[in-house]
Amino acid sequence: VASHAIGTYRSVKYQVQVTQGSAYHTTELTAIHDGTNVALTEYGTVFTGSSLATFDATISSGNMLLQVTMGSSASSTIKVISNAISV
């Protein structure tokens, strides 16, 4: 759901909102990489009902990728705001 060039950015803070019908999920994540691996932490998670998604990060083709795995196959909307800090 988000991509940042690892040659340009070292760390990224994400604010994510997931909507699925009348269910909502918001969380904040911070990621940092060493050029090979990404460390990711999640905090400030709030949802109505139950969690709608899980999050992970990886490096692929020179980019740090924020990945989302949805909890169900129902149609969802994901919105992301990111704030990246350069290398």
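- Legend: residues meeting side-chain contact (heavy atoms from CB on, under 4.5 Å) with Thr27, ordered by chain and number and at least two apart, are Val16, His25, Leu29, Glu42, Thr45, Phe55.
- Between atom CG of residue Leu52 and atom OG1 of residue Thr69 there is a gap of 13.0 Å, rounded to the nearest 0.5 Å.
- At distances below 3.5 Å, at least one donor-acceptor pair connects side-chain atoms of Asp34 with backbone N or O atoms of Thr36.
- Contact of the Thr30 side chain with the Leu40 side chain is not registered, since no non-hydrogen atoms from C-beta on lie closer than 4.5 Å.
- Among all heavy-atom pairs drawn from Gly35 and Ile6, the shortest one is O-CD1, 3.8 Å.
- Taking each heavy atom of Thr48 and Ser22 in turn, the nearest pair found is OG1-O, 4.2 Å.
- Contact detail for Asn63 and Ala5: the closest heavy-atom pair is OD1-CA, 3.4 Å.
- Side chain of Arg10 to main chain of Ile32: no donor-acceptor pair is present (N/O by atom type, distance under 3.5 Å, no hydrogens or angles).
- Across every non-hydrogen atom of Ser60 and Leu65, the tightest pair is CB-CD1, 3.7 Å.
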Report all side-chain donor-acceptor pairs from residues 75-87 shorter than 3.5 Å, counting only partners two or more places apart or in another chain.
unit_1 : atom_1 : unit_2 : atom_2 : d
Ser76  : OG     : Gln20  : NE2    : 2.8
Ser76  : OG     : Ala74  : O      : 3.3
Ser82  : OG     : His4   : NE2    : 3.3

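- For Tyr24, the ring pair (Phe, Tyr, Trp, His ring centres under 6.0 Å) criterion is met by no residue, not counting sequence neighbours.
- Between Val38 and Ala57, the closest heavy-atom pair is CG1-CB, 3.5 Å.
- Pairing each heavy atom of Gln67 with each of Thr58, the nearest pair is NE2-CG2, 3.4 Å.
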